[in-house]
A.B. asks: 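Got a structure here, written out as structure tokens. Questions coming.
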Amino acid sequence: MISQELYRQVIMDHYKNPYNKVDNDVDGYLKREALNPSCGDHITVYVKYEDDVVIDIKFKGTGCSICCASASVMTNELMNLSKSEVIAKVEKFNNIIHNADESNLSDFEDAQAFVGIKSFPARFKCAYLSWDTLKKLIEEVN
Ligand code: ZN
């Protein structure tokens, strides 16, 4: 069992040095904006999706450490998956943070760090925002 301290460190590392974060709009990507008014998180998720595979994900925006770290983690966890795989994995992540369901933890890498969020219900939406946004983007594609 990994310690809460290590989880906290993983989250802070992603917050300070995010993966796949951009400062400006990127061309040729599907895009969707998302807001979490209760916290002030405001992000935009970009995805390049071809032949039923997510081939690239980027995000832009500002928010709390949980939101920004989770978006960075999400871009790694959902890369190179098909639509059905994205939907299934986002549902598993949803179960981890909302229901503290640890049965699928081994399917994740750094996203495991968010299992500790169960102690902070006010932050559920921060952690889930980017994942939900990518899922909605992919679901809109035929
Ligand atoms: Zn937040």
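Each ligand, and each atom within it, is numbered from 1 in the order the structure gives. Computed from heavy atoms alone, side chains included, the values below leave out hydrogens, waters and symmetry copies.
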A.B. asks: side-chain contact (heavy atoms from CB on, under 4.5 Å) with N95: which of D101, N104, V90?
C.D. replies: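 Passing option: D101.
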A.B. asks: Salt-bridged, K136 to E139, with N to O below 4.0 Å?
C.D. replies: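 Salt bridge between K136 and E139, a charged N being under 4.0 Å from a carboxylate O: no.
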A.B. asks: Rounded to 10°, how many degrees is the angle SG/C39-the Zn ion (ligand 1)-SG/C126?
C.D. replies: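 With the Zn ion (ligand 1) as the vertex, SG (C39) and SG (C126) sit 110° apart.
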A.B. asks: Closest to the Zn ion (ligand 1), which N/O/S atom of D41 is it?
C.D. replies: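 In D41, the N, O or S atom with the shortest distance to the Zn ion (ligand 1) is OD2.
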A.B. asks: If every non-hydrogen atom of V45 is compared with every non-hydrogen atom of S130, which pair is closest and at what distance?
C.D. replies: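 Shortest heavy-atom contact: CG2-O, 4.1 Å.
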A.B. asks: Could you tell me if N20 and Y46 have a donor-acceptor pair between their side chains, going purely by distance under 3.5 Å?
C.D. replies: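 Distance-only check fails for Y46 and N20.
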A.B. asks: Using a cut-off of strictly less than 2.8 Å, determine whether C67 has an N/O/S atom near the Zn ion (ligand 1).
C.D. replies: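 It does not: C67 brings no N, O or S atom closer than 2.8 Å to the Zn ion (ligand 1).
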